Number of protein chains: 2
Amino acid sequence: MVKPVNTSTSQQEPGKGPVDKAMEVLEALARAGGPQRLGEIARRTGLTKPTVHRHLRTLADCGFAQPAEGGAYRAGPRLLGLAAAALDSGPDLRLARPVLNDLRRRTGQLAHYAVPAGTEAVHLELSEPAGEYRMSISPGGRTPLHTSAVGLAMLSALPVPEADAVLAELLLDGALPAPTPATLTDPGALRAELARTVRRGYAVDDEYDEPDVRSVAAPVLDAQGRVVGAIGVSGLTFALDDANVAVFGPMVRAAARAVSTGLGGSAAHLGLVAGGMTDGGRA
Amino acid sequence: MVKPVNTSTSQQEPGKGPVDKAMEVLEALARAGGPQRLGEIARRTGLTKPTVHRHLRTLADCGFAQPAEGGAYRAGPRLLGLAAAALDSGPDLRLARPVLNDLRRRTGQLAHYAVPAGTEAVHLELSEPAGEYRMSISPGGRTPLHTSAVGLAMLSALPVPEADAVLAELLLDGALPAPTPATLTDPGALRAELARTVRRGYAVDDEYDEPDVRSVAAPVLDAQGRVVGAIGVSGLTFALDDANVAVFGPMVRAAARAVSTGLGGSAAHLGLVAGGMTDGGRA
DNA sequence: ATGAACGTTCCGGAAAACGGAACGCGGTGG
DNA sequence: CCACCGCGTTCCGTTTTCCGGAACGTTCAT
C-alpha cells in the first residue's frame, strides 16, 4: 500500500485527448470560411497528417464534416445543426440579437456581442451596417481580452481576484500581445483603463486591436452579477470620433443593461457595475 | 493485384468512437435549451453515467461545456465560438439571412432555412414574426425529409437515384414516421407529391408535420446544381389558406433562386429545377 | 525526367475509453 | 429512526482506440 499510483496525477494539461484534437480539427474547419484541404488543417492545428486524416474521416462518418470537391472538407450538416442549437441554447443571445440590430440602426456602425473564453473574447453575433468595409472581426473570431472594447468591458466587470488571475495568465506568454502600436501593454496602464471603464460604465478601444478601428462596449451580467458577455459597437476612427464615442458609449451601456435585465439581473448589480455612478460598493 | 482490399470495410457503424459519444453529449447539452443535469444527459443519449461524466468533464476542461449551478452543465464559450464560426462558414447562410428577413416581412409568417442531413432536414436559421405563437420548429431542430415543406423541397431537387436511396433509408425503420394524420406515408403518394413539387417549383406541407401548421418551401442549389438547403415559410393553417399558398409559393421560389444565384448557380439548373415553367428538361 | 507536396495506408507501442461495481450523499417515506 | 431510492462520483481490469513515424501511390510543377 505504498501508493505508487501515477506520480504525475496533478498535471493533466499536456497530453490532450482525442476529443480535444477532433474539436481542433472541427474548429479549423469551421473557421476557414470555405472548404479546407487536409494539409492546411494539419498546419493550422499543429497535428500530424495521419491524425488529422483519421479524425477528419471519423467526423465525416458522423456528419460533422463532409467531403467537398478536390479532396477538401467542409463543415457538415450535423455541425451546423449543433451550432444552431448551441447559439439558441442561452437566453443571452436571443435577447441580444434585436438589441444589436437596434444599435446598428441607430449608430450606423457594426454592433456585436461577445462572450468570455479564458483570456479571450469570442465574437458570436454581428449586426453589420450596409457599408462594405471589412474588419478583422468575424463570427467565432477571438481577440485577447485586453485588446478589444468588449474584452475590456468584460474584464472591468470581473471580480478583482478573477481579473487579476486573467491578467496573470495573459502575462504568462511573455509580454501582453500587441496587435497595434496603440495596444495597452503595461499592466499598470491597463488597470488604470479598467478603472476608468468602471467609472464611466463603458469601455473604449482606441485602435488597440486593429488600426483605424475604434470601439465602445459594455458588459452584460446575469442574475447573479457574473459576466456573461459584452455588447460593442465598432467603426472606423473617422466615424467614431470623440464626440460619437461620448454618444455611443451610453447607448451600448443602455443596450447591455437591457439584455442584463432581460436575463433577470437585479438593478443592484447593474447600478454598481455597469451604471458607474454610485461610488459605493465593491470593497 | 487481385484487389484483396479489406473484406470488412463496409461496416464501421456498430462501434462508435469516443468523439462521436462526446458529440452526442454536446448535442444533448446544446439542444436542451437551458442547463442540464448529468443523469438527464445519460438518459437522452443512452450512454452510461460514468461515460457521460467523463466526457462532460473532458469537454468542460477544454471549454466546450461549463458547470452551472446545481451540478448542472451548460454549453461552454468555446462551443459558442465554434458554433458562430460554423454558421458563418458557408456562403449559403450569409446569403439566406437577409432573404429570410425580407420573406418574413412580406408574408408576416415564420421564414426559415434548412439543410439536408441524412434523412432529415436541419433547421438552421429562423426569422420569426412579431406574433407570439410557438411552433415545434426551433434552431438546430430536425424533421424527417418527408414531413416538412423544406424536406420535400430538398427531396424534389435530388437526383432520382439519390432520392430513391433516401426514401429507402427512411423506409428501413419500419413505416414512414407520421407525426400527424395528414403525413404522407405511402411511397407512391409521396412520389406523386414530389412530382407536383417539381412541376410547380415549390413544396407544400399541409399539416404533415404539425397540426394546424402549413408551409411552403423551395430548394437552394449550388453552382453544380446540388441541393444545399431550402427556404420555407410556415404559418397557422388559417393564415396560410390556399390563396396565400399560391402567393407565398412563388415568393419562396424566388427567394431560393436568389440565394442559389448568389452561390454561383447558373440559370440552367435553376430554370429546370426551381423555375418550373419551362416544360423542357428532365425527360 | 526529376522533385516536391499531397493524401493515404500500415504498424507496434502507448494511452485512452469503457462500464460494472461500489461509495458517499441528500431526500423521501415507511 | 432507519431503510430506500436516485444522484453524482470514483475505482478498476479489460478492451478498444489513438498515436505518429515511416513508407507508398499519385499528381502536379519544375
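Lettering follows sequence order; numbering is per chain, from 1. From a predicted model like this one, the values you see are computed outputs, not experimental measurements.
Protein atom CG of B:Asp20 is 14 Å distant from nucleotide atom C1' of D:dT17, rounded to whole Å. Spacing between atom CD of B:Glu69 and atom P of D:dG8 amounts to 15 Å, rounded to whole angstrom units. One atom, CD1 of B:Ile41, and another, C1' of D:dT9, lie 15 Å apart when rounded to the nearest Å. Nucleotide D:dC19 holds its P atom 17 Å from the NZ atom of A:Lys49, rounded to whole Å. One atom, CD of B:Glu40, and another, C1' of D:dG6, lie 13 Å apart when rounded to the nearest Å. Regarding B:Leu59, its CG atom lies at a distance of 11 Å from the P atom of C:dA17, rounded to whole Å. One can place NZ of B:Lys21 at 12 Å from C1' of D:dT17, the figure rounded to the nearest angstrom. Here C:dC11 presents its C1' atom at 16 Å from NE2 of A:His53, a figure rounded to the nearest Å.
Checking C:dA17, C:dA21, D:dG21 against the side-chain heavy atoms of B:His55 singles out C:dA17 as nearest.
At the phosphate of D:dC19, neither OP1 nor OP2 sits under 4.0 Å from any side-chain N or O atom of A:Thr51. In this model, the phosphate group of C:dA5 is not approached by any side-chain N or O of A:Arg43 to a distance below 4.0 Å at OP1 or OP2.
A salt bridge does not link B:Arg97 with A:Glu128: every distance from a Lys NZ or Arg NE/NH1/NH2 to an Asp or Glu carboxylate oxygen is 4.0 Å or more. Salt bridge B:Glu40/B:Arg43: present, at least one basic N to carboxylate O contact under 4.0 Å.
Each of B:Thr58 and A:Arg37 lies near DNA chain C, and the nucleotide nearest A:Arg37 is the one positioned closer to the 5' end. Between B:Pro18 and A:Gly39, the residue whose closest nucleotide on DNA chain C is further toward the 5' end is A:Gly39.
The minimum heavy-atom distance between A:Ala230 and A:Met154, with the atom names listed, is CB-CG, 3.6 Å. Taking all atoms of both residues into account, the shortest heavy-atom contact from B:Val166 to B:Leu155 is CG1-CD2, 4.0 Å.
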